[in-house]
Asker: 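Before I ask anything, let me first share the structure, which is written out below as structure tokens.
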Number of protein chains: 2
Amino acid sequence: MSKNLDGLPVVPKSCADCTIRETTVCGALHADRLDIVEKFKICDRIIPAHTQLYRAGEQLDEIYNLLSGWVALYRILESGKRQILRIERSGAFLGYQAELKEPLLHSAECITDVAVCVFPRRAFPELLERHPVLGKRLMGMMAHEVARGHDHLTNVGGRSGIERVAHFLLQFFPRHQYRQHALDGDMVALPLTQEMIGDALGLTPVHINRILRQLRERGLLVLHHKTLQLLDLEGLRRMTELSELDGAEP
Amino acid sequence: MSKNLDGLPVVPKSCADCTIRETTVCGALHADRLDIVEKFKICDRIIPAHTQLYRAGEQLDEIYNLLSGWVALYRILESGKRQILRIERSGAFLGYQAELKEPLLHSAECITDVAVCVFPRRAFPELLERHPVLGKRLMGMMAHEVARGHDHLTNVGGRSGIERVAHFLLQFFPRHQYRQHALDGDMVALPLTQEMIGDALGLTPVHINRILRQLRERGLLVLHHKTLQLLDLEGLRRMTELSELDGAEP
DNA sequence: CGTATCATTGACGTCGGTCAATTCGTGTGG
DNA sequence: CCACACGAATTGACCGACGTCAATGATACG
């Protein structure tokens with residue numbers, strides 16, 4: 001459990017003690033109505049790094065709230081290639097999809113040790129039915145997911161290798177993520193291998209390596225020993241920003 | 001209006017006459033409760049081909065139900081490149097995003113003449129509040145969107161050019177889309193330019209052209225005069241199928 | 001310490017991009 | 001009805017980003 005770079009796996013005694021509650025679906029509930037999810041939930045579970053939370057094709061009967069740790073969602077192509085769809089952090093809601101009873105469309109692997117809070121899949125629609133606030137919250141989360149997906153697609157489909165990597169890594173600086181000004185010199189733990197970065201961005205690990213060297217040599221950022229250091233935020237931004245408006249013809 | 005390959009623009013007199021109702025958000029309502037959306041909706045609107053429905057950065061105050069025609073959702077990169085995020089057909093719900101009051105994160109352009117049904121943005125949360133069935137339906141649509149997004153990302157990030165194009169085009173055969181066996185020889189109208197296909201797949205139009213020639217020469221499919229003809233479904237599938245299960249180690 | 005995984009680097013090949021010219025197709029105006 | 005214009009499609013020549021193959025180092029773990 002010592003390798004969890006996200007802090008120690010957190011398994012709160014009760015939902016009231018859950019420190020990340022606000023960032024999850026449960027955050028939609030008033031503190032005095034937590035009994036709703038408390039009764040609904042099956043258990044907490046700690047899952048070791050490098051194991052799968054669930055697999056594509058599987059008929060899962062649980063749904064998860066990610067409490068701590070890092071999880072990669074991915075698909076395997078016919079060629080054997082792996083496409084990482086998202087990297088998830090605490091607060092994420094995992095295993096949910098349009099057709100709850102159908103086999104899963106993607107797999108999830110724990111990158112670090114992970115703590116999840118387990119809900120029954122069967123009864124889930126009923127829970128949403130009974131407590132519309134939860135549905136509303138989940139809806140908001142899904143909408144954000146769609147937007148994040150667009151971002152990822154735009155990155156992979158529209159940018160060069162070095163731009164892709166810069167954009168991808170920038171999203172792991174929390175300050176930047178929350179639209180504050182990240183600071184040059186900021187350091188964050190990043191438990192991803194170069195292969196994973198490649199699988200997320202549609203590039204090979206060797207090329208990721210060469211790109212990381214370029215980014216280092218250009219004084220933009222450094223990734224070493226699972227630690228990411230920001231050197232030149234402005235430079236990175238110039239490389240990866242969307243045009244705010246849709247600048248059509250003059 | 002004659003160039004609409006999707007059929008003539010349909011603007012039903014009332015929601016009860018709406019032939020595509022079942023495929024939209026409104027499909028969640030019983031036929032005898034259509035007054036709900038009927039009262040809520042502002043108007044219908046016909047929009048000519050090659051114009052924008054909305055633009056990234058804009059503060060939109062409407063939301064749309066796409067009644068007929070083809071719409072491309074896209075983003076413009078800093079480089080000027082355009083990434084097409086999705087191609088939408090009738091039934092799609094357009095202009096919705098997590099933060100309704102924030103500027104839009106992507107743009108939408110009408111590929112053909114288009115008919116939309118217009119809802120007020122402001123009052124929309126309240127509508128969902130009052131009629132949870134609509135919320136549930138919308139949630140299902142969003143979940144499908146997420147899955148479609150994963151598909152697109154997997155296609156762009158994980159496959160070679162020819163595989164990408166094959167996969168992309170296959171999705172326009174309705175029978176295939178609905179998981180029936182499309183038939184060799186099937187023909188469908190496809191009002192996309194080669195440039196659009198390229199913008200969706202992260203490839204240049206000239207390369208799309210070369211790939212289409214290959215697909216033709218290999219007897220897989222033909223795209224000519226905005227018409228797509230399927231020649232060898234099995235061959236195409238072999239090229240683009242995901243491994244059903246996540247075939248991990250033996 | 002021995003082994004496994006990850007990172008790093010070089011040599012070389014290829015897929016897809018760029019530039020540019022030509023053809024095709026459709027719509028327009030005379 | 002024909003001439004022209006414009007965007008889309010098509011093709012060739014050339015080049016560069018990225019992939020492949022393979023060898024070597026660095027780290028972590030039992």
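All chains are named by letter (A, B, ...) in the order of the sequence lines, taking the proteins before the strands, and each is independently numbered beginning at 1. Below, all heavy atoms of this structure are taken into account, side chains as well, without hydrogens, waters or symmetry copies.
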Asker: Need one value for B:I211: base, sugar-phosphate or nothing, where a base atom within 4.0 Å counts as base even if backbone is also close, heavy atoms only.
Answerer: nothing

Asker: Only one of A:R82, A:R75, A:R86 passes salt bridge (Lys or Arg N to Asp or Glu O under 4.0 Å) with A:E109; say which it is.
Answerer: A:R82

Asker: Are the side chains of A:P174 and A:V188 in touch, meaning some heavy atoms are under 4.5 Å apart?
Answerer: yes

Asker: Does a donor on one side chain and an acceptor on the other come within less than 3.5 Å for B:Q214 and B:R210?
Answerer: no

Asker: Please report the distance, rounded to the nearest Å, between CG in B:L190 and C1' in D:dA9.
Answerer: 15 Å

Asker: Distance from A:L201 atom CG to A:L169 atom CG, nearest 0.5 Å?
Answerer: 8.0 Å

Asker: Can you tell me the distance, in whole Å, between the NE2 atom of A:H224 and the P atom of C:dA7?
Answerer: 9 Å

Asker: On the 0 to 90° scale, with breaks at 30° and 60°, tag the A:H150-B:H106 ring pair as parallel, tilted or perpendicular.
Answerer: perpendicular

Asker: Kindly point out which of D:dA9, C:dA20, C:dT9 is positioned nearest to the side chain of B:Q194?
Answerer: D:dA9

Asker: Is A:R159 paired with B:E78 through a side-chain N to carboxylate O contact shorter than 4.0 Å?
Answerer: yes

Asker: Choose from D:dC18, D:dA28, D:dA22 the nucleotide whose nearest atom is closest to any side-chain atom of A:H225.
Answerer: D:dA28

Asker: So, for B:G157 and A:V156, which heavy atoms are closest and what is the spacing to 0.1 Å?
Answerer: CA-CG1, 3.7 Å

Asker: Please list each protein N or O that sits under 3.5 Å from an N or O in nucleotides 13-16 of chain D, with the distance.
Answerer:
{"from": "D:dA13", "atom 1": "N6", "to": "B:R210", "atom 2": "NH1", "distance (Å)": "3.4"}

Asker: Below 4.5 Å, heavy atoms only, C-beta onward: do B:L73 and B:Y54 meet side chain to side chain?
Answerer: yes

Asker: Tell me the interatomic distance from A:H50, atom NE2, to C:dC6, atom C1', rounded to whole angstroms.
Answerer: 11 Å

Asker: Rounding to a whole Å, what distance do you find between A:I208:CD1 and D:dG19:P?
Answerer: 8 Å

Asker: Looking at A:N209, I'd like to know whether one of its side-chain N or O atoms comes within less than 4.0 Å of OP1 or OP2 on C:dA7.
Answerer: no

Asker: Rounded to whole angstrom units, what separation is found between the CE atom of A:M196 and the P atom of C:dA7?
Answerer: 9 Å

Asker: When you get a sec, tell me which of D:dT11, D:dG19, C:dG16 is the closest nucleotide to the side chain of A:T204?
Answerer: D:dG19

Asker: Rounded to whole Å, please give me the gap between CG in A:D199 and P in D:dG19.
Answerer: 11 Å

Asker: Nearest nucleotide by nearest heavy atom, which residue falls closer to the 5' end of DNA chain D, B:R216 or A:R164?
Answerer: B:R216

Asker: Which label fits A:Y96 and A:F93: parallel for a plane angle under 30°, tilted from 30 to 60°, or perpendicular past 60°?
Answerer: tilted

Asker: Quick check on DNA chain C: between A:L223 and B:S160, whose nearest nucleotide comes earlier from the 5' end?
Answerer: A:L223

Asker: What's the CD1-P distance between A:I197 and C:dT8, to the nearest Å?
Answerer: 11 Å

Asker: In terms of side-chain heavy atoms, does A:Y64 have a donor or acceptor partner in A:E88 at a distance below 3.5 Å?
Answerer: no

Asker: Would you say a side-chain N or O of B:K226 is under 4.0 Å from OP1 or OP2 of D:dA9?
Answerer: yes

Asker: Between C1' on D:dT11 and CD on B:Q214, what's the gap in Å once rounded to a whole number?
Answerer: 14 Å

Asker: Which is true for B:G198 with a 4.0 Å heavy-atom rule: it touches a base, it touches only sugar-phosphate, or it touches nothing?
Answerer: nothing

Asker: Starting the side chain at C-beta, find the nucleotide from C:dG16, D:dG19, D:dA9 nearest to B:H207.
Answerer: C:dG16

Asker: Checking all strands, does B:L212 fall into the base, sugar-phosphate, or nothing category for heavy-atom contacts under 4.0 angstrom?
Answerer: nothing

Asker: Compute the bend angle of the helix from C:dC1-D:dG30 to C:dG30-D:dC1 from the end axes (five pairs per end), rounded to 10°.
Answerer: 40°

